[in-house]
There are 2 protein chains.
Amino acid sequence: MTLDERKKLILESIIKDYVETAEPVGSRAMVKKHGLKISAATVRNEMSDLEDMGYLEQPHTSAGRIPSQKGFRYYVDCMMEQENLDEKETQVLLHLLDDSFQEVNDLVQKIGHFLAQITKYTSFVIIPSVRLSKFKYLQLVPIEPGKALVLLVTDLGVVMHRNIEVPQSITAPEMELIGRMFNQVLAGKKITEIQRSDLQQLRDELKQRRKVIDRTLEAIESLLDNSSEERVIISGALNIMNEPEFKDVDKLKKILAFLEEETQLMGMLPESLGDEVDIRIGQENQSEDFKDLSFVFASYQTQGEQGKMGLMGPVRMEYWKAVGSLDSVRDIIEEIIKKRF
Amino acid sequence: MTLDERKKLILESIIKDYVETAEPVGSRAMVKKHGLKISAATVRNEMSDLEDMGYLEQPHTSAGRIPSQKGFRYYVDCMMEQENLDEKETQVLLHLLDDSFQEVNDLVQKIGHFLAQITKYTSFVIIPSVRLSKFKYLQLVPIEPGKALVLLVTDLGVVMHRNIEVPQSITAPEMELIGRMFNQVLAGKKITEIQRSDLQQLRDELKQRRKVIDRTLEAIESLLDNSSEERVIISGALNIMNEPEFKDVDKLKKILAFLEEETQLMGMLPESLGDEVDIRIGQENQSEDFKDLSFVFASYQTQGEQGKMGLMGPVRMEYWKAVGSLDSVRDIIEEIIKKRF
DNA sequence: TGTTAGCACTCTCTCTTATTGAGTGCTAAT
DNA sequence: ATTAGCACTCAATAAGAGAGAGTGCTAACA
């Protein structure tokens with residue numbers, strides 16, 4: 001279904017106005033505001049057509065029109081021109097990321113913050129699971145007699161550690177040796193790929209230090225368990241409070257509670273994303289609770305694995321800005337990761 | 001100023017009712033509900049007296065009475081019996097903490113969560129600054145040629161790390177040596193106590209490896225800077241949304257924004273706390289923004305240093321429960337820390 | 001045949017005006 | 001000192017009366 005130029009123009013005007021003001025748009029006001037060359041009556045006729053086609057709706061008989069979710073969908077699919085970060089915004093982001101950051105997590109945190117700030121929506125950035133990154137380095141660090149620290153570093157600079165107990169008798173050089181063995185067997189493997197057989201091999205080679213090995217293996221497993229779920233970092237959750245459609249505390253509570261439960265958010269992520277952004281408008285989200293929220297998802301690549309990020313806002317969202325920001329940020333983030341790791 | 005028994009009884013009844021319902025309490029309703037042996041008219045007279053004394057106030061002429069902030073203060077100071085955790089709650093907490101946790105931070109996180117859940121208020125727990133804990137162990141871990149990790153462990157099990165760049169030429173044994181030197185000089189010192197002279201001594205002893213030393217020192221400093229501010233962990237921020245006095249989105253926004261700014265919260269903590277809890281009712285907080293919030297603060301001791309925790313709720317707060325919970329939790333937390341570290 | 005002006009009609013929003021009911025304060029009786 | 005009785009107050013709710021923005025329809029127009 002395609003619309004003629006004038007209908008498109010009118011739909012676009014209504015969307016822009018409504019996104020800005022959150023109020024139904026009337027024919028007269030619209031003609032005035034946009035300085036259109038046609039009369040209000042004509043606009044009314046066109047509006048009526050658009051309503052019949054399902055792209056507009058009326059809150060009540062004598063109100064102006066607002067875009068329906070189908071209207072937004074049409075706009076997004078067929079008419080929208082995305083609005084990337086401008087020069088200044090890009091500078092701000094680059095400057096923000098210029099400071100030394102230690103690992104991917106810091107980077108992601110900052111990006112999330114930036115996205116929320118620039119769009120005024122709620123942002124979330126998902127850090128790819130460490131399971132998918134590569135094992136880089138392991139060391140056993142003796143802390144005090146009977147205690148040691150398992151230190152695990154991945155290729156993206158993520159450092160994980162965990163305390164273990166070891167026999168009092170074991171010496172520092174022995175521990176070092178054990179660490180070295182681990183490194184030989186595991187170096188460069190994807191963390192998901194570490195197999196029982198590898199671990200078994202280790203056990204065999206280091207029979208005489210079984211206890212330390214076992215503890216270390218347990219520690220590694222526990223580290224992976226703890227961080228195997230992808231972590232999501234949410235920023236700007238309070239931004240939704242500025243949207244007039246969420247002046248109601250109960251609605252708000254539902255949304256904020258949803259954001260607090262990371263698992264819920266993870267659950268509604270798109271399985272996999274290409275280069276395209278994925279836009280979910282209102283009811284296109286399964287859940288009843290999100291029927292007046294929209295989401296825009298995008299992905300970024302790190303060392304071959306996929307991270308995700310997104311923005312959440314009202315249905316009355318500046319999709320062009322959201323999509324453009326995500327797109328620009330994706331480019332920047334990928335470049336930086338390539339350069340740094 | 002002391003009140004006679006009957007006035008106390010009436011004040012208490014009003015407080016209990018008002019805390020429960022958030023509605024002004026009328027004389028008749030009160031007599032009925034509590035099965036008092038005196039008539040509504042008598043209660044009215046007493047109420048009138050209490051109002052003259054400033055312990056009660058009337059939202060408007062023909063409404064019931066609500067306790068004034070002074071009334072709450074009197075109750076808290078002179079009449080309140082704190083309500084500690086009961087058997088079951090204690091069990092829940094102990095069970096929660098039974099699982100292995102790696103360091104103080106995990107412990108604190110869980111405690112915060114528990115406090116928020118049990119009281120239905122917003123909790124915050126402050127982790128004592130690492131500056132105050134003791135240096136336990138440092139190691140330089142070679143990660144790959146030209147890169148190393150500075151690993152710093154404190155006596156409370158907090159592990160901090162940071163990447164540094166090192167000359168390609170340096171060997172693992174050399175690094176180990178450097179680490180050992182650091183340990184000798186710094187071992188057991190409080191982190192605040194590490195003096196320039198100590199660091200200078202190190203520089204002298206290890207002249208030939210100046211670059212590594214310098215980088216390591218920078219890393220240590222940066223670690224300390226990053227974690228020298230006491231960290232605060234906030235739980236149950238959304239609980240305030242259940243209080244009828246915060247049905248207004250703008251009020252809510254102010255409070256949530258306040259909670260997001262950790263520094264602001266830190267700024268209003270009491271300087272030092274004895275064993276007593278510190279209660280701040282409404283306007284007793286300096287800021288205008290908190291005039292309808294109450295805070296209850298308490299401290300806990302870790303290895304000689306003081307951590308703090310607290311609860312935030314409406315002025316209409318169950319102070320007895322808040323104080324009791326904090327008191328009980330303090331005992332439990334201190335015992336566990338003593339046992340573990 | 002598409003566009004426009006004119007006009008009656010609709011519906012929300014806001015501002016007033018009752019009405020109700022919980023609660024008080026005062027007075028007089030116990 | 002306590003209590004019953006009663007007039008009075010005031011918020012909260014409901015009901016009614018414009019006002020205003022916007023529509024849909026009809027008839028005139030290019």
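Chain naming here is simple, since letters A, B, ... match the order of the sequence lines and numbering starts at 1 in each.
If you check residues 40-50 of chain B against DNA chain C, the residues with a heavy atom closer than 4.0 Å are B:Arg44, B:Met47, listed by number. Listed by residue number, B:Gln58, B:Thr61, B:Ser62, B:Ala63, B:Gly64, B:Arg65 are the residues of residues 57-69 of chain B with a heavy-atom contact under 4.0 Å to DNA chain C. Non-hydrogen atoms lying under 4.0 Å from DNA chain C are contributed by nothing in residues 12-19 of chain B.
If you take CE on B:Met47 and CG on B:Leu11, they are separated by 10.0 Å, rounding to the nearest 0.5 Å.
Here the options are A:Met317, A:Lys70, A:Arg73, the test is side-chain contact (heavy atoms from CB on, under 4.5 Å), and the partner is A:Ile281; only A:Arg73 passes.
Contact annotation: A:Arg28 side-chain N/O to D:dG20 OP1/OP2 distance is not under 4.0 Å.
Regarding A:Lys32, its NZ atom lies at a distance of 11 Å from the C1' atom of D:dA21, rounded to whole Å.
Using a 4.5 Å heavy-atom cutoff, the side chains of B:Phe246 and B:Glu243 are in contact. For the pair A:Ile66 and A:Leu56, the minimum side-chain heavy-atom distance is 4.5 Å or more.
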Tell me, with the steps shown, if A:Arg65 and A:Ser48 meet side chain to side chain contact (heavy atoms under 4.5 Å, CB included). CA-CA 9 Å; A:Arg65 304 299 207 293; A:Ser48 184; 4.1 Å; yes
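For A:Arg28, there are no side chain to side chain donor-acceptor pair (under 3.5 Å) partners two or more places apart in sequence or in a different chain. Listed by chain and residue number, A:Asp327 satisfy the side chain to side chain donor-acceptor pair (under 3.5 Å) test with A:Arg330 (two or more places apart in sequence, or in another chain).
With 3.5 Å as the limit, one finds a donor-acceptor pair spanning the side chains of B:Ser39 and B:Thr42. A donor-acceptor contact closer than 3.5 angstrom is absent between the side chains of B:Gln283 and B:Asn285.
Using a 30° and 60° split on the angle between ring planes, A:Phe297 and A:Phe124 fall in the tilted class, from 30° to 60°.
Not less than 6.0 angstrom separates the ring centroid of B:Tyr319 from the ring centroid of B:Tyr75. Taking the six-membered ring wherever Trp is involved, the centroid distance between the rings of A:Phe258 and A:Phe290 falls below 6.0 Å.
The closest donor-acceptor contact from the side chain of B:Gln58 to the backbone of B:Ala63 lies under 3.5 Å.
Chain A approaches DNA chain C over the interval C:dT3 to C:dT12, counting the first and last nucleotide 5' to 3' with an atom under 4.0 Å from its heavy atoms.
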